[in-house]
Number of protein chains: 2
Amino acid sequence: MPARAQGRGIPEATVARLPVYLRALSTLAEDGAGTVSSEELATAAGVNSAKLRKDLSYLGSYGTRGVGYDVDYLVYQVSRELGLTQDWPVVIVGLGHLGHALANYGGFASRGFAIRALVDADPELVDQQIAGLRVHPLEALEDLVRRLGIAIGVIATPAPVAQTICDRLVSAGVSSILNFAPVVLAVPDEVEVRKVDMSIELQILAFHEQRKLATAALGDVSRELAEAVGPR
Amino acid sequence: MPARAQGRGIPEATVARLPVYLRALSTLAEDGAGTVSSEELATAAGVNSAKLRKDLSYLGSYGTRGVGYDVDYLVYQVSRELGLTQDWPVVIVGLGHLGHALANYGGFASRGFAIRALVDADPELVDQQIAGLRVHPLEALEDLVRRLGIAIGVIATPAPVAQTICDRLVSAGVSSILNFAPVVLAVPDEVEVRKVDMSIELQILAFHEQRKLATAALGDVSRELAEAVGPR
DNA sequence: ATGCGCTTGTGAACGTGAGCACAAAGTCGT
DNA sequence: ACGACTTTGTGCTCACGTTCACAAGCGCAT
């Protein structure tokens, strides 16, 4: 896996943090802040300031020494780097509870994404209105993608059909996929997939939770041992 | 950030992949596979086989050279390592579209998690039944957490109240939090937070999408240049 | 029994990312 | 005009993660 994005060469880890910075910056802008120091912004974003400065330095030298960063200017620069100065049309496939929630989520529109098409296999759902959009039947998928020039697809279907939907999206020209179905999707190299999986996140939490319990129990044992041996 | 989980010392990156392996293994088990080689399992999980073997080797030597891994046995070992042999009670706070979707998601129960309590601030929702559970008012939060011995909390509220909810969960004794709200939560060191943020994932996709466009355009330019110069 | 073929487990090399600590570069008061 | 102070940008070091490549180990056929 090449971790450096080719081109200007922004590390992948940095790219993943830019949206967090962007959100913190937007909040600051709303609160009327004119400039912000790396220390403040880092705290707001939950990282340390050295990392933040290094991350921002990959975009260019947009700060002023002794002062900090101009909030509005930095918002613009980060947005531009992330490609959010243009609007990306998005299709959502699968409108169960989750797809429904995604369609109604306001956070997309405000950040350069426009949900342009909804598709579901269930005849009950087809032609219904969700978030101001009509639900299209599965057959219409390829046509919608081509006609609306959609490059980003969101899969919110049950796991068993996710790969099929994925294949159809890719062959229709979608080159980025956000997958909510709990399966590993196979795609050609030039297609980028990111997955969001709540059950995986919970399992990671469970691992650490268990570890806490285990070490706590171990602590108890050593304390008991110490008591058994008696005060030295 | 210490990347090695203390104790037996399984790398954090490995822990994050174990749930993926577990899912692939479960599928294989359902299909009646008795054993599986690292190569097969790696393909199913979307990683390379060397990484898979190293990951599994942190759990112990559970494979047989020349043969592969016993599927059922490995399922058990991975589950045990992740702490999924016991059931973890979970509370969901916030039952908008997303919380609703989470409450109804079947994937949790089958993997060691039991949604035990639903809480929402909206009087309209309180006392309604969702996924077979009654929705409790916000005031009941601390009592529910203590009484049911809940260690894992899921925050699916609007962003502005997420930090407050988080603080209340933590002070009631929750030590792991899965956060769907688009904010960076501040918590004490001993509390583990993981966040799921679809808008961040989309922005990362947009970055790569833009890069593809840029390099494609660059390709066009070089081709045009080459033509302008003429065949050599 | 013995050897052959297959697959695991791991040492070692390499690449990526994090964080310290400081020089460079700006602002502001005098 | 200048010096004190503040904050950025970055060279360097260390830790973490990935991958290669191969020896060790196991089963099966002969």
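Order of the sequence lines sets the chain letters (A, B, ...), proteins ahead of strands, with each chain counted from 1. Hydrogens, waters and symmetry mates play no part in the numbers below; they use all other heavy atoms, side chains included.
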Can you check the A/Arg17 CZ to C/dG17 P distance for me, whole Å? 9 Å

What is the distance, rounded to the nearest whole Å, between atom CD of A/Gln77 and atom P of D/dT8? 16 Å

Do A/Glu209 and B/Ser175 have side-chain atoms, one donor and one acceptor, less than 3.5 Å apart? yes

Heavy atoms, side chains only, cut-off 4.5 Å: are B/Glu192 and B/Ile177 in contact? no

For B/Arg116, what residues pass the salt bridge (Lys or Arg N to Asp or Glu O under 4.0 Å) criterion, not counting sequence neighbours? none

B/Lys51 NZ to D/dC16 P, straight-line distance once rounded to whole Å: 17 Å

Result for 5'-nearest mapping on DNA chain D, choosing between A/Gly66 and A/Leu56, is A/Gly66

Which listed nucleotide (C/dG19, D/dG17, C/dA12) is nearest to the side chain of B/Lys54? C/dA12

From the options A/Leu169, A/Val119, A/Val170, select the one residue that forms a side-chain contact (heavy atoms from CB on, under 4.5 Å) with A/Val145. A/Leu169

Under the salt bridge (Lys or Arg N to Asp or Glu O under 4.0 Å) test, which residues partner A/Glu142, sequence neighbours left out? A/Arg168

From CD1 of A/Ile10 across to P of C/dT16 the rounded distance in Å is 15 Å

Looking at the side chain of A/Pro11, which of C/dG17, C/dA21, D/dG17 is the nearest nucleotide? C/dG17

Quick one: is D/dT7 close enough that its OP1 or OP2 comes under 4.0 Å of any side-chain N or O from A/Tyr62? no

Residue-phosphate contact under 4.0 Å: B/Tyr69 side-chain N/O, D/dC26 OP1/OP2: no

Are OP1 or OP2 of C/dT8 and a side-chain N or O of B/Thr64 less than 4.0 angstrom apart? no

Residues A/Val36 and A/Leu41: closest non-hydrogen pair is CG2-N, 3.8 Å

So A/Ser176 and B/Lys212, do their side chains get closer than 4.5 Å, heavy atoms only? yes

Counting only heavy atoms and a strict 4.0 angstrom limit, can you tell me which residues of residues 24-48 of chain B come near DNA chain C? B/Ser37, B/Ser38

Please report the distance, rounded to the nearest Å, between CG in B/Leu59 and P in C/dG9. 10 Å

If you check the B/Glu12 side chain, which of D/dG9, D/dG17, C/dT10 turns out closest? D/dG17

Gap between atoms CG and P, on B/Leu52 and D/dT18 respectively (whole Å): 12 Å

Tell me the interatomic distance from B/Arg53, atom CZ, to D/dC20, atom P, rounded to whole angstroms. 11 Å

Side-chain N or O of B/Arg65 less than 4.0 angstrom from OP1 or OP2 on C/dT10? no

